[in-house]
Amino acid sequence: MFFDGAANFKGVGMGAVLVSETSQHYLVSTKLRFPCTNNMAEYEAYILGLRLAIGTNVQELLAIKDSDLLVHQVPGEWATKNTKILPYLHCVQELIKRFTKMGFKHVPRVQNEFANELATLSSMIQHPGKNFIDPVPIGIHKQPAYCAHVEEESDGNPWFHDIKEYLPKG
């Protein structure tokens, strides 16, 4: 699971990407409407991803993050003194108990870019009131769009029929 939080001048958002063993990607992204620091947004994103994994009955999870903070605080390698972070840490430790195996891995930011972009997008988007945004499907095209654009001829002749007729007559 990749996850990230983003706090900027437009707002605070978070994103998580759960990748199955068959490389199926499950995305979740949320805008936060309460004041919080970037570290709090990171923990919010982690909790969001953990809950997604629990909801899909994942038993073994590898949490991948581009920030040293969570990767070292959650397993207890680094002390947590910030009183705003302690409730998050306790929540995460309770959620982790629901997995049979849990691992942490630190990666460079470039390897966490999908979760990072989800967090940034959700932080910047301005959706009104209580409205929700439907999931946005993201596809991958391996060739230019015009290559797949072939219209069926309405007269029943092949696409080159008119050209073939034009050439001899001019």
Side-chain angles (χ1 to χ4, degrees), residues 1-140:
M1 172 187 72
F2 296 87
F3 64 98
D4 205 0
N8 56 47
F9 70 97
K10 289 233 178 184
V12 181
M14 57 186 173
V17 180
L18 188 61
V19 183
S20 72
E21 291 176 340
T22 60
S23 295
Q24 179 70 34
H25 288 64
Y26 301 93
L27 315 175
V28 63
S29 181
T30 302
K31 182 172 183 79
L32 303 177
R33 288 202 168 138
F34 56 88
C36 68
T37 65
N38 197 54
N39 288 340
M40 291 167 65
E42 301 282 350
Y43 269 98
E44 287 279 349
Y46 188 34
I47 292 168
L48 180 71
L50 288 173
R51 288 182 175 155
L52 174 64
I54 290 167
T56 54
N57 296 319
V58 170
Q59 297 300 310
E60 296 181 7
L61 186 68
L62 175 63
I64 302 170
K65 182 72 183 100
D66 60 12
S67 166
D68 278 331
L69 183 73
L70 273 87
V71 172
H72 294 289
Q73 279 184 344
V74 173
E77 296 168 9
W78 290 0
T80 307
K81 298 176 184 176
N82 185 337
T83 57
K84 291 182 179 181
I85 297 296
L86 283 173
Y88 286 109
L89 183 60
H90 295 305
C91 179
V92 164
Q93 289 170 339
E94 286 301 312
L95 290 171
I96 286 175
K97 291 177 183 177
R98 298 176 91 178
F99 299 94
T100 57
K101 186 176 179 184
M102 182 73 201
F104 300 94
K105 182 178 179 183
H106 179 264
V107 295
R109 184 181 272 314
V110 70
Q111 291 180 8
N112 195 33
E113 67 183 346
F114 202 178
N116 181 289
E117 296 304 325
L118 283 173
T120 302
L121 178 64
S122 62
S123 73
M124 297 178 76
I125 197 164
Q126 300 296 319
H127 38 86
K130 297 178 183 176
N131 293 349
F132 294 95
I133 298 174
D134 290 332
V136 178
I138 299 174
I140 297 174

Checking [X] side chain against [Y] main chain: does a donor-acceptor pair fall under 3.5 Å?
X	Y	answer
Asn38	Ala7	yes
Asn112	Phe3	yes
Thr120	Glu117	no
Lys65	His106	no
Thr80	Gln73	no

Roughly how far apart are [X] [atom1] and [Y] [atom2], rounded to 0.5 Å?
X	Y	atom1	atom2	result
Tyr88	Asn82	OH	CG	10.5 Å
Leu52	Ile47	CG	CD1	14.0 Å
Phe99	Leu62	CZ	CG	11.5 Å
Leu27	Leu118	CG	CG	5.5 Å
Asp66	Asn116	CG	CG	6.5 Å
Lys31	Lys10	NZ	NZ	9.0 Å

- Query: After noting the C-alpha distance and the side-chain angles of Thr37 and Tyr43, does the key distance pass the side-chain contact (heavy atoms from CB on, under 4.5 Å) rule?
  - Reply: CA-CA 10 Å; Thr37 65; Tyr43 269 98; over 6 Å; no

Taking all heavy atoms of [X] and all of [Y], pick out the closest pair and write down the distance.
X	Y	answer
Tyr46	Ile96	OH-CD1, 3.8 Å
Ala45	Asp4	CB-O, 3.1 Å
Leu50	Met1	N-SD, 3.7 Å
Thr30	Ser122	O-OG, 3.2 Å
Ser123	Ala6	CB-O, 3.7 Å
Gly49	Ala16	CA-CB, 3.7 Å

- Summary of salt bridge (Lys or Arg N to Asp or Glu O under 4.0 Å) pairs that have at least one residue in residues 71-96, sequence neighbours excluded: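 Pairs touching residues 71-96 that pass the test: Glu94-Lys97.
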
- Do Val71 and Ser67 have side chains that get closer than 4.5 Å, going by heavy atoms?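 No, too far: nothing below the 4.5 Å cut-off.
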
- Task: State, with a plain yes or no, whether a side-chain heavy atom of Val28 is found less than 4.5 Å away from one of Leu18.
- Result: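 With C-beta onward as the side chain, the pair stays apart.
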
- Working for side-chain contact (heavy atoms from CB on, under 4.5 Å), residues Glu44 and Leu32: CA-CA 9 Å; Glu44 287 279 349; Leu32 303 177; 3.9 Å; yes

- Item | Whether Trp78 and His72 hold their rings parallel, tilted or perpendicular, with breakpoints at 30° and 60° |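 Parallel, since the angle between the ring planes stays under 30°.
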
- Message: Test side-chain contact (heavy atoms from CB on, under 4.5 Å) on Met40 and Ile85; report intermediate values, then the result.
- Response: CA-CA 6 Å; Met40 291 167 65; Ile85 297 296; 3.9 Å; yes

